[in-house]
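Data block below; observations after.
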Amino acid sequence: QVQLVESGGGLVQAGGSLRLSCAASERTLATYAMGWFRQAPGKEREFVAAITWGGSTTYYADSVKGRFTISRDNAKNTVYLQMNSLKPEDTAVYYCAANGAQRSKIRVEIPAYDYWGQGTQVTVSS
């Protein structure tokens, strides 16, 4: 099974940047499409960004387009989420997820993902 661990979260001021990392213990991560989701207090978990296994296709939620960038380094079994121009509304626990069944496709729905990390907290102050 794919084990995912997020890191890089923290407390930043509005307008600042953070880079989240999602590391896998197995090299099979290179064969999975990956997604980032987030869940703010009192809200449902929502899609943020996704990338196909080869990194050739990415997709973003409208709320983060132009500010966030998803990327991956399969050799390091790691997926990244670069977050710029952060807003207080970005405050949430951020989760990475792996989709091995449709690794060449972009999926935005939670049930499409087979494996999830424990999440990393991102807090943006105004």
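Since the structure is predicted, the reported quantities are computational estimates derived from the model, not experimental observations. Heavy atoms only: backbone and side chains are in, while hydrogens, waters and symmetry mates are out.
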Does the [X] side chain pair with the main chain of [Y], one donor and one acceptor, at a distance under 3.5 Å?
| X | Y | value |
| --- | --- | --- |
| D114 | G100 | yes |
| T78 | D73 | no |
| N99 | G35 | no |

Does a side-chain heavy-atom distance below 4.5 Å link M83 with V122?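 Yes, their side chains come closer than 4.5 Å.
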Can you tell me how far the OG1 atom of T58 sits from the CZ atom of F68, to the nearest 0.5 Å?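 With rounding to 0.5 Å, OG1 (T58) is 14.0 Å from CZ (F68).
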Rounded to the nearest 0.5 Å, how far does CD1 of I70 lie from OG1 of T57?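 Output value for this atom pair is 11.5 Å.
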Enumerate the residue pairs fulfilling side chain to side chain donor-acceptor pair (under 3.5 Å) with a member in residues 3-13, sequence neighbours excluded, ordered by first and then second residue.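 Not a single pair qualifies under side chain to side chain donor-acceptor pair (under 3.5 Å).
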Tell me, which pairs form a side chain to side chain donor-acceptor pair (under 3.5 Å) where one or both residues lie in residues 116-126, sequence neighbours left out?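 Matches after skipping sequence neighbours: Q121-T123.
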For the residue pair [X] and [Y], what are the closest heavy atoms and their distance?
| X | Y | result |
| --- | --- | --- |
| Y95 | G117 | CD2-O, 3.6 Å |
| R72 | W53 | NH1-CA, 3.1 Å |
| L81 | A49 | CD1-CB, 4.2 Å |
| S71 | I51 | CA-CD1, 3.9 Å |
| K105 | A33 | O-CB, 3.8 Å |

If two hydrophobic side chains count as joined below 4.5 Å and joins carry through other members, does [X] share a cluster with [Y]?
| X | Y | value |
| --- | --- | --- |
| Y80 | M34 | no |
| V93 | L20 | no |
| V79 | I110 | no |
| V64 | Y94 | yes |

Residues in salt bridge (charged side-chain N to carboxylate O under 4.0 Å, His left out) with [X], at least two apart?
| X | value |
| --- | --- |
| E46 | R38 |
| K43 | none |
| R67 | D90 |

Would you please classify the geometry between the Y115 ring and the Y32 ring as parallel, tilted or perpendicular, with 30° and 60° separating the classes?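 The rings of Y32 and Y115 stand perpendicular, inter-plane angle above 60°.
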Does F47 have any ring-ring contact (aromatic ring centres under 6.0 Å, His included) partners at least two apart in sequence or in another chain, and if so, which?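 If we apply the ring-ring contact (aromatic ring centres under 6.0 Å, His included) test to F47, skipping adjacent residues, the hits are F37, Y59.
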Using a distance-only test with no angle check, is there a side-chain donor-acceptor pair under 3.5 angstrom linking S17 and N84?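 On atom types as modelled, these side chains qualify, holding a pair under 3.5 Å.
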